[in-house]
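These numbers were taken from a predicted model, which means no experiment stands behind them. One-based numbering along the sequence shown.
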Amino acid sequence: ENHDIFNSIYPFFKGFLYQKNSIRKINSDIRTAFEIKGNILFFSSARMSLYFLLSNIKIKEKKYVVVQSFTCGVVINSIIRAGYIPLYVDIDPGNLGTSFESFKVLYKNYSDSIRAVIVQHSFGIPALINKFVEFTRNKDIFLIEDCATTLGSKLNKTVCGNFGDASFWSFDSTKPLSIGTGGLLSIKNKNLYKCLNSKYNLLPTQSKKEFIFFSLCYFISQFCHKFI
């Protein structure tokens, strides 16, 4: 229990220490720890990273985003808020992730209007992401990995989050790596990253007061949790 209390307090102080580090060092540390090959951007939440991505890869004729029905509600909210219509597929009973077979059936009816498919790695179990990679290649379907509930899981010795065109992680209090709040977006294509990064730099940033407030909220909630 003493270790649990320490682990609750540690991120609070670590955040202040990291403020003194350059963005380049933080990016490098995260990419190394997560074994991410793509370039990364940080957000206040994973849902915001997904919304930002979908909002900036729009193609007029393609209005659908495929997602499994067993997912967090905020994923659906992000899809709709970005101006798309969600198309639901079943889960794969073998891994509880996005079913490739269900996606293939759906694709037959919506082949010309699907902009992206979100493949979810549920509870640290890799989905059959390699099949999605092969199927979507040359079809102008953007492949997104939902890594919110997985961290470091591998398929064929490759870490999840390195297969798709983009991937996102969550740092929410219910996720494998929790710092109270936050999200991470990884983009594989360098040209797309440059385009997104230019728009990302125009977004408002968190003030020091907001940082202290949210850090204190996280610290208090985690510390009290040990005694309730």
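Side-chain atoms of Asn162 come within 3.5 Å of backbone N or O of Lys37 as a donor-acceptor pair. Asn156 contributes no side-chain N or O that, together with a main-chain N or O of Thr158, makes up a donor-acceptor pair within less than 3.5 Å. No donor-acceptor distance shorter than 3.5 angstrom exists from the side chain of Tyr88 to the backbone of Val66, with no hydrogens or angles considered. Put simply, the side chain of Glu145 never gets that close to the backbone of Ile118: no donor and acceptor are under 3.5 Å apart. Under a 3.5 Å cut-off, the side chain of Arg31 and the backbone N or O of Asn39 do not form any donor-acceptor pair. Looking only at distances, no side-chain donor or acceptor of Asp172 sits under 3.5 Å from a matching main-chain atom of Lys175. Side-chain atoms of Lys63 never come within 3.5 Å of backbone atoms of Ser113 as a donor-acceptor pair (strictly under, hydrogens ignored). Using a distance-only test at 3.5 Å, with no hydrogens or angles considered, a donor-acceptor pair links the side chain of Ser78 to the main chain of Arg47. Here the side chain of Thr149 pairs a donor or acceptor atom with the backbone of Phe123 at under 3.5 angstrom.
Taken to the nearest 0.5 Å, the CG atom of Asn95 stands 7.0 Å off from the OG atom of Ser122. Separation of atoms NZ (Lys194) and CG (Leu196) is listed at 13.0 Å; rounding is to 0.5 Å. To the nearest 0.5 Å, the span separating CD on Glu134 from NZ on Lys131 amounts to 11.5 Å. Considering SG of Cys147 and CD1 of Ile129, their distance stands at 8.5 Å, rounded to 0.5 Å. To the nearest 0.5 Å, the span separating CZ on Phe168 from OG on Ser45 amounts to 10.5 Å. Atom CG of Leu41 sits about 9.0 Å away from atom OG of Ser49, to the nearest 0.5 Å.
Annotation for Ala46 and Trp169: closest pair CB-O, 3.4 Å, computed over non-hydrogen atoms. Pro176 and Leu151 get closest at one heavy-atom pair: CB-CB, 4.0 Å. For the residue pair Lys62 and Asp140, the shortest heavy atom distance occurs at CE-OD2, 3.6 Å. Across all their heavy atoms, Val67 and Pro86 have their closest contact at CG1-CB, 4.3 Å. Of all non-hydrogen atoms in Ser186 and Gly38, the two that sit nearest each other are OG-CA, 3.7 Å. When all heavy atoms are compared, the tightest approach of Ile114 to Tyr110 is CG1-O, 3.2 Å.
The cationic group of Lys139 lies under 6.0 Å from the six-membered ring centre of Phe135 and within 45° of the ring axis, placing it in a cation-pi geometry.
Under a hydrophobic-cluster definition in which Ile, Leu, Val, Met, Phe, Trp and Tyr are linked whenever side-chain heavy atoms come within less than 4.5 Å, directly or via other members, Leu184 and Ile57 are assigned to the same cluster. Val117 and Phe142 fall into different hydrophobic clusters, defined by Ile, Leu, Val, Met, Phe, Trp and Tyr side-chain heavy atoms under 4.5 Å apart, directly or through other members. Both Phe171 and Ile40 sit in one connected hydrophobic cluster of ILVMFWY residues. Membership requires side-chain heavy atoms under 4.5 Å apart, directly or through other members. Both Leu192 and Leu203 are assigned to one and the same hydrophobic cluster, defined by single-linkage of ILVMFWY side chains at heavy-atom distances under 4.5 Å. Note on Met48 and Leu185: same hydrophobic cluster, where clusters join Ile, Leu, Val, Met, Phe, Trp and Tyr whose side-chain heavy atoms are under 4.5 Å apart, directly or indirectly.
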request  = Verify side chain to side chain contact (heavy atoms under 4.5 Å, CB included) between Ile79 and Asn77, making sure each step is shown before the conclusion.
outcome  = CA-CA 5 Å; Ile79 293 171; Asn77 292 341; over 6 Å; no
message = Run Ile85 and Val65 through side chain to side chain contact (heavy atoms under 4.5 Å, CB included) and show every step you take.
response = CA-CA 6 Å; Ile85 300 172; Val65 172; over 6 Å; no
task = Dump the intermediate steps for side chain to side chain contact (heavy atoms under 4.5 Å, CB included) on Asp90 and Phe103, then the final yes or no.
result = CA-CA 8 Å; Asp90 207 345; Phe103 170 67; over 6 Å; no
query = Going through the distances and angles, do Val159 and Ile36 end up as a side chain to side chain contact (heavy atoms under 4.5 Å, CB included)?
reply = CA-CA 8 Å; Val159 175; Ile36 298 174; over 6 Å; no
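Looking only at atom types and distance, the side chain of Gln120 has no donor-acceptor partner in the side chain of Thr98 under 3.5 Å away. Between the side chains of Lys199 and Asn56, at least one donor N or O sits under 3.5 Å from an acceptor N or O.
Applying the salt bridge (Lys or Arg N to Asp or Glu O under 4.0 Å) test to pairs two or more places apart or on separate chains, those with a residue in residues 97-113 are Glu101-Lys104.
With respect to His121, the side chain to side chain contact (heavy atoms under 4.5 Å, CB included) criterion is satisfied by exactly one of Asp146, Thr150, Leu96: Thr150.
Ring to ring, Phe43 and Tyr200 are close: their centroids are under 6.0 angstrom apart. Annotation: Phe100 is in aromatic contact with Phe132 [ring centroid separation under 6.0 Å].
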